[in-house]
Amino acid sequence: MDFAELARIEDELEQIAKTYEIFNENIRLNRSKAARVEFLTTVHFIEQYLKTGDRILDIGAGAGEYSLYFARNGYSVSAVELAERNIEAFRKKLTAEDRVELRQGNAVDLSCYQDASFDIVLLFGPLYHLHSEEDCQKCIAEAKRVCKPDGTLFFAFISHDMVFFTELQNNPNYFRTGDYNHATLRLHDFPFVFHTVDECRHILKDGGIRILREIASDGLSELMEDRINSLDAENYAQYLRYHLHTCEKPEMLGHSNHLLFVGKQL
């Protein structure tokens with residue numbers, strides 16, 4: 001499977017599933033110190049809202065990085081994932097002691113879960129793939145439905161404006177030849193869907209979400225990958241402290257490949 005073959009797939013669900021035959025989600029968050037920044041940041045903020053005995057739903061759970069972390073820290077976790085490749089990787093990591101219920105399913109239809117049954121709802125991967133506003137809102141509505149009225153929801157997006165810099169690392173001619181509208185400077189939403197910070201805000205507010213926190217979850221870690229990976233343990237720990245210190249500053253939000261929003265239902 002390559003990008004040309006992927007682009008020819010007309011069925012959106014099949015295209016999403018096949019995307020993960022190209023991108024290895026199983027190692028994305030753990031392959032290096034730099035890659036780990038997004039995971040550690042996201043966990044840092046989720047843990048601020050967790051209480052003993054909380055139930056967690058991980059929608060678009062990928063290869064299980066978040067689900068397994070929280071299950072192994074004593075929480076009951078339900079996980080739903082669309083892509084078969086990711087589910088296979090997830091299952092290989094599960095042990096008999098892991099309190100994880102894993103299902104294959106679609107984020108826009110969570111009818112297998114009852115209303116108001118989770119304290120924490122994570123909606124990460126699906127918003128990387130849903131092209132239409134209607135599907136985005138269906139996805140958010142389902143996440144809200146299964147979340148308790150006083151529960152907390154977490155949403156992740158891929159940041160539109162940062163992609164230009166990360167692509168430039170791989171292609172020195174990206175600004176001349178890259179896959180974007182050269183007049184409007186708008187990326188083509190393939191193989192992922194990209195959102196500006198303001199677009200994320202509008203999507204969530206239209207979905208009836210009161211935004212509590214806005215976070216540049218990986219910051220400059222992809223651009224600085226080689227330098228971050230070369231840090232010793234003490235320098236890396238201090239880098240993480242710096243990142244957590246700055247990642248909620250408004251001026252930093254656009255300088256991140258991934259954006260994390262924390263919200264409550266209106």
Side-chain angles (χ1 to χ4, degrees), residues 13 16-17 19-20 25-26 28-30 38-130 135-157 204 207-209 212-213 217 258 260-265:
L13 293 181
I16 293 170
T19 296
Y20 292 98
E25 184 65 17
N26 193 36
R28 187 178 72 82
L29 294 169
N30 57 35
E38 180 188 349
F39 173 82
L40 294 172
T41 303
T42 303
V43 165
H44 170 82
F45 285 98
I46 294 171
E47 288 182 333
Q48 294 182 35
Y49 295 87
L50 269 174
K51 305 179 301 298
T52 301
D54 276 357
R55 295 186 65 209
I56 300 171
L57 177 62
D58 189 358
I59 308 170
E65 202 74 12
Y66 293 105
S67 292
L68 290 169
Y69 173 85
F70 288 111
R72 291 169 183 174
N73 279 276
Y75 294 94
S76 175
V77 179
S78 294
V80 58
E81 168 60 32
L82 176 65
E84 185 63 40
R85 179 65 62 89
N86 292 341
I87 290 172
E88 289 174 2
F90 195 147
R91 285 183 177 142
K92 287 178 181 178
K93 291 183 280 189
L94 280 171
T95 70
E97 291 75 33
D98 291 324
R99 298 171 59 197
V100 178
E101 175 202 45
L102 174 60
R103 298 173 183 257
Q104 185 168 25
N106 189 335
V108 301
D109 179 9
L110 300 175
S111 53
C112 55
Y113 301 112
Q114 295 181 352
D115 294 0
S117 50
F118 295 95
D119 304 279
I120 298 289
V121 175
L122 313 179
L123 185 59
F124 294 163
L127 296 174
Y128 300 170
H129 298 287
L130 297 173
D135 283 342
C136 279
Q137 293 305 328
K138 281 182 183 177
C139 188
I140 292 169
E142 280 290 81
K144 287 171 54 183
R145 180 185 64 78
V146 301
C147 188
K148 293 178 181 179
D150 61 345
T152 308
L153 301 102
F154 295 79
F155 306 88
F157 298 86
L204 295 178
I209 299 295
L212 304 178
R213 315 279 287 270
S217 49
H258 297 86
L260 176 67
F261 287 77
V262 185
K264 296 275 190 181
Q265 303 184 54

With a 4.0 Å cut-off on N to O distance, would you call Glu38 and Arg28 a salt bridge?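 Answer for the salt bridge query: yes.
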
Salt bridge check, Arg103 against Glu101: does any charged N sit closer than 4.0 Å to a carboxylate O?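 Yes, Glu101 and Arg103 are salt-bridged.
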
side-chain contact (heavy atoms from CB on, under 4.5 Å) between Leu94 and Leu68, intermediate numbers included: CA-CA 8 Å; Leu94 280 171; Leu68 290 169; 3.6 Å; yes

How long is the gap from [atom1] on [X] to [atom2] on [Y], to the nearest 0.5 Å?
X	Y	atom1	atom2	result
Leu110	Cys139	CG	SG	7.5 Å
Leu13	Asn106	CG	CG	5.0 Å
Gln104	Leu82	CD	CG	6.5 Å
Ile46	Ile56	CD1	CD1	7.5 Å
Leu57	Phe118	CG	CZ	4.5 Å

Do you know which two heavy atoms are closest between [X] and [Y], and how far apart they sit?
X	Y	result
Ala107	Ile59	CB-CG2, 3.6 Å
Gly207	Ile140	O-CG2, 3.9 Å
Thr42	Ser217	OG1-CB, 4.2 Å
Gly62	Phe90	O-CD1, 3.7 Å
Val146	Val121	CG2-CG2, 4.3 Å

What do the steps show when you test Asn30 against Glu65 for side-chain contact (heavy atoms from CB on, under 4.5 Å), and what is the final call? CA-CA 8 Å; Asn30 57 35; Glu65 202 74 12; 3.2 Å; yes

Please determine whether ring-ring contact (aromatic ring centres under 6.0 Å, His included) holds for the pair Tyr128 and His258, giving the CA-CA distance in whole Å, both sets of side-chain angles, and the decisive distance to 0.1 Å. CA-CA 10 Å; Tyr128 300 170; His258 297 86; 5.8 Å; yes

Go through it in stages, so that I can follow the logic: the residues are Phe124 and Phe155, the test is ring-ring contact (aromatic ring centres under 6.0 Å, His included), and I'd like the CA-CA distance, side-chain angles, deciding distance and then a yes or no. CA-CA 5 Å; Phe124 294 163; Phe155 306 88; 8.8 Å; no

Would you say Asp119's side chain and Arg55's backbone share a donor-acceptor pair under 3.5 angstrom?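 At least one qualifying donor-acceptor pair exists.
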
Tell me, please, whether Tyr20 has Arg85 positioned over its six-membered ring: NZ or CZ under 6.0 Å from the ring centre and within 45 degrees of its axis?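 Checked: cation-pi criterion not met.
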
side-chain contact (heavy atoms from CB on, under 4.5 Å) between Asp150 and Gln265: does it pass, once the steps are laid out? CA-CA 8 Å; Asp150 61 345; Gln265 303 184 54; over 6 Å; no

Is it the case that the side chains of [Y] and [X] hold a donor-acceptor pair, with the cut-off being a distance below 3.5 Å and no angle test?
X	Y	answer
Asn26	Lys93	yes
Ser117	Lys148	no
Asn86	Glu25	no

Count the heavy atoms belonging to other residues, nucleotides or ligands that lie under 6.0 Å from CD of Gln48, then report whether that count exceeds 12.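 Counting other residues, nucleotides and ligands, CD of Gln48 exceeds 12 neighbours.
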
Begin from the C-alpha positions of Ile120 and Tyr49 and carry the test side-chain contact (heavy atoms from CB on, under 4.5 Å) through to its verdict. CA-CA 8 Å; Ile120 298 289; Tyr49 295 87; 4.2 Å; yes

